[in-house]
Amino acid sequence: MENLYKELGIDEDVWQLGEKICECLKERFTEIDATAEYNQLKVLQAMQAERVSEACLSGSTGYGYNDLGRDTLERVYAGVFHTEDALVRPQITCGTHALALALMANLRPGDELLSPVGKPYDTLEEVIGIRESKGSLREYGISYAQVDLLQEGEPDYEGIRKAITTKTRMVTIQRSKGYEPRKTLSVDKIGEIISFIKSVKNDVICMVDNCYGEFVERIEPTDVGADLAVGSLIKNPGGGLAPIGGYIAGKREYVEQAAYRLTSPGLGKEVGASLGIMPAFYQGLFLSPTVTASALKGAVFAANILESLGFQVLPDGKESRHDIIQAVTFGTPEGVIAFCKGIQAAAPVDSFVSPEPWDMPGYDSKVIMAAGAFVSGSSIELSADGPIKPPYAVYFQGGLTFPHAKFGILKAVQELKNSGIIRL
Ligand SMILES: *Cc1c(COP(=O)(O)O)cnc(C)c1O
């Protein structure tokens, strides 16, 4: 083993450190495996209950009327999330699209959307109209209110109570921290926030942005009162196999609204050919619990090894996890760049290219990204990105298998060592 690592550019010191850290994580990994086991059974149970058959794996074309695979898969998702209904489509192009769809479908002019957990994910700013953009909710006369989390990352319940008015129709709760320096919310905490909101105004639609959170815990936001859970299939629930897609699971009424918005009033869920995508959607969902567990182990391994090297990590090495994102603060551009180069060098695809910081559209600083993925932009696959600005942090996620995630992190540590940023 050590020789093979050596051939792949990992020296003895880095390898030894990796082994030492892995040794300490056995208990942690056993816990993650138990969650994966539970969620694997949950997915299987839903697939069996809906009698998934070979016929479900072939696709429709054209209008896609009576697409057995598509309709059954949507019932499987509803089964997994314990909801009345779900919309799971390749025509939902990404996570942002799924979230925009759920919002635009369920809000009407004069309504207000509330985020009780601070600023939402960057791309949602343009959906809502926080940053001016064409076609935003704001353009349609839908207003937005926000209550920031308190210093310790706790919800500001008094602030939320005051922010709920007769206009408040929908609430968006982001589970993952995204690029914010806050903690990711546990499903229990999300349940607490939803209960509070419903106690103030019980007809508010509570939507959870579930991106990066699926299958990290045994329960999902829809198990604790969320009316809608929304996410991307090129993150956790696609299991690395889905090449596109998004899902919206929840109360039938709200899912239906989303279907009418996605296709057309009058058509809703009845149209939308699945083409040849069903095998990837089914098999991806089937693999998702163990793939998510692999990514989670990678994040825990990264937190512990980088913490041992003196870097600030969020979540820290010991904390419980509610999504698959790991943030590491390097404090210097060189640290960010070296880490990303290491991740790239470990990739199965494009391992020979060297990522460079560039001026990406929509960002206010240069950004460096490492991704050598089978599915372009997939962040359930091993990937990292870091804006080149203080505090010089990298956001790291994914890994379809733990050995790959481990190798990527060892490569990153090696790169930090080779460029003189750390000494072992
Ligand atoms: C990734 C992500 C999104 C947006 O998903 P895309 O597929 O990139 O459009 C929204 N919210 C959160 C928390 C995310 O992590």
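Note that ligands are numbered from 1 as they come in the structure, with each ligand's atoms numbered from 1 the same way.
- Using a 4.0 Å cut-off between a side-chain N of Lys or Arg and a carboxylate O of Asp or Glu, Lys198 and Asp203 do not qualify as a salt bridge.
- Crowding of Glu152 atom CD: a count of heavy atoms from other residues, nucleotides or ligands under 6.0 Å exceeding 12.
- Annotation: the span from Thr401 atom OG1 to Phe407 atom CZ amounts to 11.0 Å, rounded to 0.5 Å.
- The backbone and the side chain of Thr96 each have at least one atom closer than 4.0 Å to an atom of ligand 1 (non-hydrogen atoms only).
- For atom 13 (C) of ligand 1, the closest non-hydrogen atom of the protein is Asp209 OD2, 3.4 Å.
- Looking at Lys235 next to ligand 1, an N or O pair under 3.5 Å apart turns up.
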**Derivation of the ring pair (Phe, Tyr, Trp, His ring centres under 6.0 Å) call for Phe330 and Tyr392** = CA-CA 6 Å; Phe330 289 102; Tyr392 300 105; over 10 Å; no
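- Only the side chain of Gln174 comes within 4.0 Å of ligand 1, counting heavy atoms alone; its backbone N, CA, C and O stay farther away.
- At a 3.5 angstrom cut-off on N or O pairs, Ser176 does not count as close to ligand 1.
- Counted by atom type alone, Lys341 and Ser354 present one or more donor-acceptor pairs between their side chains at under 3.5 Å.
- Ring planes of Tyr247 and Tyr77: tilted class, angle from 30 to 60°.
- The Tyr212 neighbourhood of ligand 1 comprises atoms 15 (O), with distances under 4.0 Å to a heavy atom of that residue.
- If you look at Leu99 next to ligand 1, the close heavy atoms, those under 4.0 Å, all belong to the side chain.
- Closest protein heavy atom to atom 6 (P) of ligand 1: Gly95 N, 3.5 Å.
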